[in-house]
Amino acid sequence: MRGVRLISAILLAAICVGCLAAVLLLPADSYAVQFRESARAGISWRFPLGSDGLGRDRLMRLLYAAALSIVLAPAAALLSVALAGGIGGAAGYFGGRVDRCVVFAIDLVLSLPWLFLLITARALLPLNVSPAASVLMTFGILGMLGWAPAARVIRAGVRDLRGSGLVLQSRASGLLPSRILLIHVLPNLRPILAAQFWTSVPVFILSEANLGVLGLGVGEPIPSWGNMLRQLQSEPHWSAGVIAPLVILAGLLSVFQIVFRTKEVSA
Amino acid sequence: MNRVFLIAALGCSVLALQAQPPNELRFVLHSEPKTFHPLLVDDDASETIRYLTGGVLIRVNRKTEEFEPELAASWKIADQGRRIVFKLRQGVKFSDGTPLSADDVIHTFNVLMDPNLHSPAADAFRSGSERPRVTARGEEVSMVFSAPVSGVERLFDQIPILSARSPKKEMAVAGPFFVAERKAGVEIVLRANPYYWKRDASGRQLPYLAAIRLGIQQNRDMEVARFRRGELHLIESLGPESYEKLAAEQPSKIHDLGPSLDSEFFWFNQIAKAVPPHKLAWFQSTAFRKAVSEAVNRNDLCRLVYGGHAQPSRGPVSPANRFWFNGKLKPHDYDPGGAQRRLTAAGFQLRDGKLFDQAGNAVVFSLITNTGNAARQQMAAMIQQDLKKIGITLNIVTLDFPSLVERITRTYQYEACLLGLTNLDLDPNSVMNVWLSSASNHQWNPGQAKPVTTWEAEIDRLMQAQASTIARDKRKAWFDRVQEIVWDQEPFVYLVVKNSLAAFSPSIRNISPGILRPQIYWNAEQLQSPMEAVSSR
């Protein structure tokens, strides 16, 4: 098992380094150039994964889409865990009315169909934004709306800590609540926060892909898993180049799960 | 041993009988019909049922686009288009055996015009708030309108005659088939009307088919898969990618029927206060709109997005609409150089590959389109690339359809929109709600109290003139002029006219694809399956 994990880690590192290097070294809009006379070209030296229906290099688009996910999904996960830490932490530590309000809010957010929530949130945002801003907005919305499951777990963890001897002694010593949270609660929550972070990353990658398949999310011409997978629907013939995004996405998520295997933290 | 052989032989013959296809046509509806009441139809599935079961006074031939007598043996238009007189066909019966009479026609129009029914088909018969007066004398039925109605015959294609006396009410029909079975969410079976009036040249009663089995299937890929397995006989509208897939496997079953009546286009929001003033100035500038139009490579759109199964659009009317199409119009040329010169002449400047207006604002705008339409999203990406060549930055935003409709019809919070229009009616009167400047569907600037521009005032005048006369040639001349103004001003930037792509089994005989919908089964009463051909020999 250790060997599998090691190989997965090497593979994940190779994907990350390869994609990020491509984004940094290749011309800025190489993913957007339409070679219209070479649309749906097969695999060749010029197009190692072929070209899409508009003549764009599939490999370039795949590298950029992967790089975006690799950078922005963890950023969204960080945002969501930070929100969850604040909200869940406050509920768990202060209890009483604050706790009841937060639990109600968590239940409410979890009961909403998240896809429709995302669609509605996207529809309310301004239209005239650049493609790059649309990428940030998409992952930002994911991060802002994805806090509820993590908040529930964090709230439970903080409640356990609140009754611990460590915190009781600190309170008896007259330590301010903010200092207790910062010095004692937060360091002890680190495993829970880390687990929530690593489980959120693949969820956000898949959420973006879901939105993109529906035609929402990242705007043209920037590639993303979602808009690349959507193009599978309009491909008359499937080839290795056509299904490559699907295979790489499944591979990326698999190695991610193996490398960042986390112990289940019960609420 | 002999007994075993006999049982095996019997078993085989039973299996063989089961394997033989019954004398029926099979295809799918993409949703459950909302209604079986023929006067309340407003969705495609219900329209299919209405077309196959309803007996109408006048039918529009889907192939020739001509009017043909059905339950009316003949008709006459009098009083300069204010009156239409039908002579009913003799000996016609509804599917339950009750005879057709003039009372049924009067009953149908009384039901249609009942304000409590809220029939979507009723508005076309009202002149202002007045309903037509329907009277009968023997087998003649007369309908009098308060004002002349041009192209009045086409209205009757949508109105199946109901029986005034049948206990089955609207389920008693005078068309070739009647609704025999319905399994909600699964299928609807139509059976041949035993009392159908129409006969073939040899005097044999139609329809030839014993039944039509309509599955309910939302998923288009599943529809194609079932067609490939031979479970379905036809697909009315194929996407270009499904067409290519089937072309490789079953080339004899797919058909490119040529230009359809559907067009794809985009427009700029010209509503004052809805967009910033400097952008409003661009969008209201004819030179800007024409330059954008010139910069779009329509041939590439046809070739890449539709696999060659489309043609560059020349205006609001498709060449498939043979009578009303203005053949003098030419497709807009792809000329990015010309677009650049036009913009420079209008005061725009190109600096470092970016276009700026006279006030120094960079030319950037957003284009909204709906999700779930891969072709439209591809077109938007291509237009984005084309406009980049003349320095315009286009931001594409895909929205779910309800959000998009909300923006283009209520809040008007958008800058440009890419959509398509499906034309079901050939007559220009059906698009009055688009071209009149006061209309709500005058998308670029709806509901104007007075026409904002002289060319919109000219279109208003021409559209109203053509609607108030019944002389077809005059109407055609006026509507030709409307098309010329639209071609010149480009309030809508028309992109492509899609071809109609269809698939049907060669085993079904007498299929003769038409232009209007339904294109494949419009002559359903004349379609023959191989089983029927065997049994009739």
Side-chain angles (χ1 to χ4, degrees), chain A residues 29 31-41 51-56 61 115-135 137-138 210-224 226-227 229-238 242, chain B residues 220-221 239-248 269 275-276 279 297 299-301 303-307 364-386 388-389 393-404 406-407 411 413-417:
Chain A
D29 63 347
Y31 56 81
V33 181
Q34 296 174 1
F35 300 98
R36 293 184 183 174
E37 297 310 315
S38 306
R40 296 214 165 90
S51 66
D52 70 6
L54 305 184
R56 298 178 294 196
R61 294 182 67 73
L115 199 60
F116 290 103
L117 198 65
L118 286 171
I119 290 170
T120 309
R122 180 66 189 85
L124 293 175
L125 290 169
L127 298 180
N128 216 344
V129 291
S130 67
S134 82
V135 177
M137 270 166 40
T138 302
N210 270 329
L211 270 184
V213 167
L214 292 173
L216 301 160
V218 178
E220 287 279 0
I222 292 186
S224 71
N227 60 34
L229 293 180
R230 190 178 70 237
Q231 285 171 8
L232 291 180
Q233 295 171 337
S234 54
E235 285 295 336
H237 309 294
W238 283 27
V242 171
Chain B
R220 302 276 178 149
D221 293 332
E241 59 282 353
S242 300
Y243 183 92
E244 294 303 327
K245 272 182 200 165
L246 285 172
N269 184 352
V275 286
K279 291 192 178 182
N297 190 334
N299 286 324
D300 276 359
L301 297 182
R303 187 171 57 83
L304 298 182
V305 179
Y306 294 99
V364 179
F365 63 88
S366 63
L367 176 80
I368 58 172
T369 190
N370 63 306
T371 57
N373 188 317
R376 234 165 252 163
Q377 288 169 31
Q378 279 187 313
M379 279 198 287
M382 293 178 74
I383 294 167
Q384 184 182 50
Q385 189 80 3
D386 286 339
K388 196 178 169 188
K389 289 177 192 162
T393 304
L394 180 67
N395 294 319
I396 299 165
V397 183
T398 46
L399 296 171
D400 59 300
F401 202 68
S403 303
L404 183 133
E406 173 83 3
R407 283 182 187 266
T411 66
Q413 296 301 308
Y414 72 100
E415 291 175 350
C417 179

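The sequence lines fix the lettering, A, B, ..., with proteins before strands; numbering per chain opens at 1.
Only the side chain of Asp300(B) comes within contact range of chain A, judged by heavy atoms closer than 4.5 Å. Proximity to chain A involves both the backbone and the side chain of Tyr414(B), based on heavy atoms less than 4.5 angstrom apart. Using a 4.5 Å cut-off between heavy atoms, Gln413(B) contacts chain A through its backbone alone, with no side-chain atom that close. With a 4.5 Å cut-off on non-hydrogen atoms, Leu399(B) touches chain A through its backbone and its side chain both. Only the side chain of Ala248(B) has a heavy atom closer than 4.5 Å to any heavy atom of chain A.
Rounded to the nearest 0.5 angstrom, Asp52(A) CG and Leu304(B) CG are separated by 9.5 Å. Here the straight-line distance linking atom CD of Gln384(B) with atom CG of Leu54(A) works out to 10.5 Å at 0.5 Å rounding. The distance from the CZ atom of Arg407(B) to the CG atom of Leu127(A) is 4.0 Å, given to the nearest 0.5 Å.
Interface summary for chain A: among Glu244(B), Met382(B), Glu415(B), Glu406(B), the most heavy-atom pairs under 4.5 angstrom belong to Met382(B). With chain A as the partner, the residue from Gln385(B), Gln377(B), Arg303(B) showing the most heavy-atom pairs under 4.5 Å is Gln385(B). With respect to chain B, the highest number of heavy-atom pairs below 4.5 Å among Ala39(A), Gly55(A), Pro221(A), Gly219(A) belongs to Pro221(A).
Every residue meeting the side chain to side chain donor-acceptor pair (under 3.5 Å) condition with Gln34(A), not counting sequence neighbours, appears here in chain and number order: Arg36(A). Taking the salt bridge (charged side-chain N to carboxylate O under 4.0 Å, His left out) definition, one finds that Asp29(A) meets it with Lys388(B), sequence neighbours left out.
Put simply, the side chain of Glu220(A) never gets that close to the backbone of Ala380(B): no donor and acceptor are under 3.5 Å apart.
Heavy-atom minimum distance, Gly53(A) versus Gln378(B): CA-NE2, 4.3 Å. What you find for Pro131(A) and Asn395(B) is that their closest heavy atoms are CD-OD1, 3.5 Å.
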